[in-house]
Each structure stands twice: as structure tokens, then as C-alpha cells.
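Data block below; observations after.
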Amino acid sequence: MNTELKPKIIKTDKEAYTIYKYAELNSTNAFLKQHYAELPDFSVIWADKQTCGRGRFTRIWNSEPGQDLTFSLLLPLTTLEQERRQNLTQIAALSIAQLLEGYGLKPSVKWPNDVLIEGKKISGILCEITATEKRVCGVLGIGININSTDKSLTGIDIPATSLRSELRHKVVRKILLEKLLEIIINCFNVLCQTGFSQNRQEIKKRLAFVNEHIIFTDVKQNSYSGKIIDLNDDGTLLFKCEKRGIISLNSGEIEFHNSYLMRKQ
Ligand code: BTN
């Protein structure tokens, strides 16, 4: 790679992916988007510290250097049907939920890109698409609060938790990352080979706020008050809107609204 930043290549017994670990990057997503042409499919860029970690809607993603996990995975999308691309974020959320269940936790998926434990955010996903004439790639950026302390989590403006806070002990990030990569790559292969239906069933079981009153804000900042009824076959949300009746929502996010925040604090 044409960069003065030297990564440590982490050896694993898996041929499917290669992990490049950096001490510090601005953002693993930004870095991977800049360098993907030089990298094979399923390359993983892991940074111990991000100086400019990004979330959806131009938000900042903060994590504790050396304690949490911030990485991006390069997915080959050239042969994936275009309409399946919107499912990538959700299969990542499902994979993280399944990983956390392996630690005895009960996570839920806040559609489309957050993973919660008892309503508190433990992980966020930022999936971006990048392409040349010959190659279309997904840059799947994932941040998980692993070993951040209760004290540092109180600085986050929404209810948040970490694996350490939940388990009351520290977790080795490399082991967790390898387990997670295996789950994601497996879900991704299922998506490519059979479509979304199998992953959809698994996401539905873990979907947060179904039949609860929520406020949803779309990318144009329109707000919808109502209830989530279901996850549609294509991965959009089936929503009973107080003002517009039954609609499908395909982009935007569920608000962590005030009454909800009060309940969780
Ligand atoms: C969100 O909650 O809005 C998504 C957060 C995504 C954060 C991850 S951390 C690794 C990767 N690099 C980034 O700059 N962002 C993603």
C-alpha cells in the first residue's frame, strides 16, 4: 500500500480475510475508500485510534483509543444485485447481535444500523459504496464499544454501553474481531447466494421497538410519528404512521426521543 503509515498484518488461520492494524488513522472508512484499489476483497482496516471517526448523517463517532473496536471491511459487490446493497448495514447489525449473544447478552437491532443492549447503544455501522469501472465495493465500517469504561460512556449524548460494562470484565478485541468477521462474511455469502430472506427472519427476531410508539426522521428531516409493524421482504420498515397510515420507510433513523432517554437514565 502506498502509504507511510505502516500497518501490522495480523496473522489468523483464516484465508478469507486479512487484517491490517494501524495505530492511528483519521477514519478507517475514509482510509479504505482511499486505498481499496490496492487491496484484495475482504481486507480489514483496524485502527486502534481514529482521529476523525464518522457516523451516519455527518455525525462524529467517538471511541476510547486502544479499548474499543473501530474497523472497516472491504466487501466485493460487483455481482451483488443492486437492491441488495441496502441490506448490508442490516446484516452487519445482525452479525454483531449474534456475536453479542455468544457472550450471553440480549441485543436488539435499532433499524437500520445500531445495535442496542437494553436500549443502550453498543455499536454503530456506516456502510459506504465505492466503485471503479470494473469493481464495486462496500466499505463496511463498524464501531463497537468493547472495553470503554462507564465513565467515558457518560460523555456520549445518547444512552450507551460497552461489552465491559455489561460483562464486568475486559474482552480481548482481536479474538472478538475474528469471530465477528466470520459471522459477517457468512451472512454476506448467504445474502449473495440466496437473497435477503434468511437474514431478514433473523433480524426480525431481534428488531427493536416493534409496536412501540417511536419518532422516525428521514434523510430529508421529515418526522413520522407511529409504530413499526414489520420488516418488509426487501429490508425496508413497514410503519403505521399516525398521519399517513401504513407506509414503508427506506432510509433515515429512529430517534432516541426524550421520553425514551428519561426511561433509560
Ligand atoms: C453511526 O452510529 O452512525 C455509525 C458509526 C460508525 C463508526 C465506524 S468506526 C469504524 C468506521 N470508521 C468510521 O469513521 N466510522 C465507522
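Whatever order the structure lists ligands and atoms in, that order sets their numbers, starting from 1.
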Query raised in the report: How close does the nearest protein non-hydrogen atom get to atom 11 (C) of ligand 1, and which residue and atom is it?
Result: Thr28 OG1, 3.2 Å

Query raised in the report: Looking only at distance, does Ser72 have an N or O less than 3.5 Å from an N or O of ligand 1?
Result: no

Requested in this report: Please identify which atoms of ligand 1 are closer than 4.0 Å to at least one heavy atom of Arg56.
Outcome: 1 (C), 3 (O), 4 (C)

Query raised in the report: Is there any side chain to side chain donor-acceptor pair (under 3.5 Å) pair reaching into residues 87-104, and which pairs are they, with sequence neighbours excluded?
Result: Arg84-Asn87, Glu101-Arg206

Report task. Determine whether the side chain, the backbone, both or neither of Ile125 has a heavy atom under 4.0 Å from any heavy atom of ligand 1. Result -> backbone

**Report entry** Spacing of CG belonging to Leu69 relative to OG belonging to Ser162, to within rounding of 0.5 Å
**Finding:** 12.5 Å

Query raised in the report: Given side chains that start at C-beta, do those of Asp218 and Leu249 come closer than 4.5 Å, heavy atoms only?
Result: no

Query raised in the report: NE2 of His35 to CD1 of Ile45: how many Å apart, nearest 0.5 Å?
Result: 8.0 Å

Report summary line: Per-atom filter on ligand 1: closer than 4.0 angstrom to a heavy atom of Gly53 are 14 (O)

Report task. Report the distance from atom NZ of Lys170 to atom CG of Leu163, rounding to the nearest 0.5 Å. Result -> 12.0 Å

Requested in this report: Taking the side chain as every heavy atom from C-beta outward, state whether Thr161 and Asn145 have any atom pair closer than 4.5 Å.
Outcome: no

**Report entry** Phe216 and Phe239 aromatic ring geometry - parallel, tilted or perpendicular at 30°/60° bounds
**Finding:** tilted

Report task. Scan side-chain atoms only and decide if Glu128 and Asn29 contain a donor-acceptor pair under the 3.5 Å cut-off. Result -> yes

Query - Partner of Tyr224 by side-chain contact (heavy atoms from CB on, under 4.5 Å), out of Ile254, Ile247, Ile215 - result: Ile247

Report summary line: Note: ligand 1 atoms sitting under 4.0 Å from heavy atoms of Gly143 are 8 (C), 9 (S)

Query raised in the report: How does Phe57 reach ligand 1, if at all, at less than 4.0 Å between non-hydrogen atoms: by side chain, backbone, both, or neither?
Result: neither

Query - Enumerated ligand 1 atoms positioned under 4.0 Å from heavy atoms of Gly55 - result: 1 (C), 3 (O), 4 (C), 5 (C)

Query raised in the report: For ligand 1, which part of Asp114 has a heavy atom less than 4.0 Å away: the side chain, the backbone, both, or neither?
Result: side chain

Query raised in the report: At a 4.0 Å threshold, what atoms of ligand 1 neighbour a non-hydrogen atom of Lys121?
Result: 1 (C), 2 (O)

Query raised in the report: What residue and heavy atom of the protein are closest to atom 15 (N) of ligand 1, and at what distance?
Result: Arg54 O, 2.7 Å

Requested in this report: List the closest protein heavy-atom neighbour of atom 12 (N) of ligand 1: residue, atom name, distance to the nearest 0.1 Å.
Outcome: Gln50 OE1, 2.9 Å

Requested in this report: May I ask you to identify the nearest protein heavy atom to atom 5 (C) of ligand 1, giving residue, atom name and distance to one decimal place in Å?
Outcome: Trp61 CE3, 3.4 Å

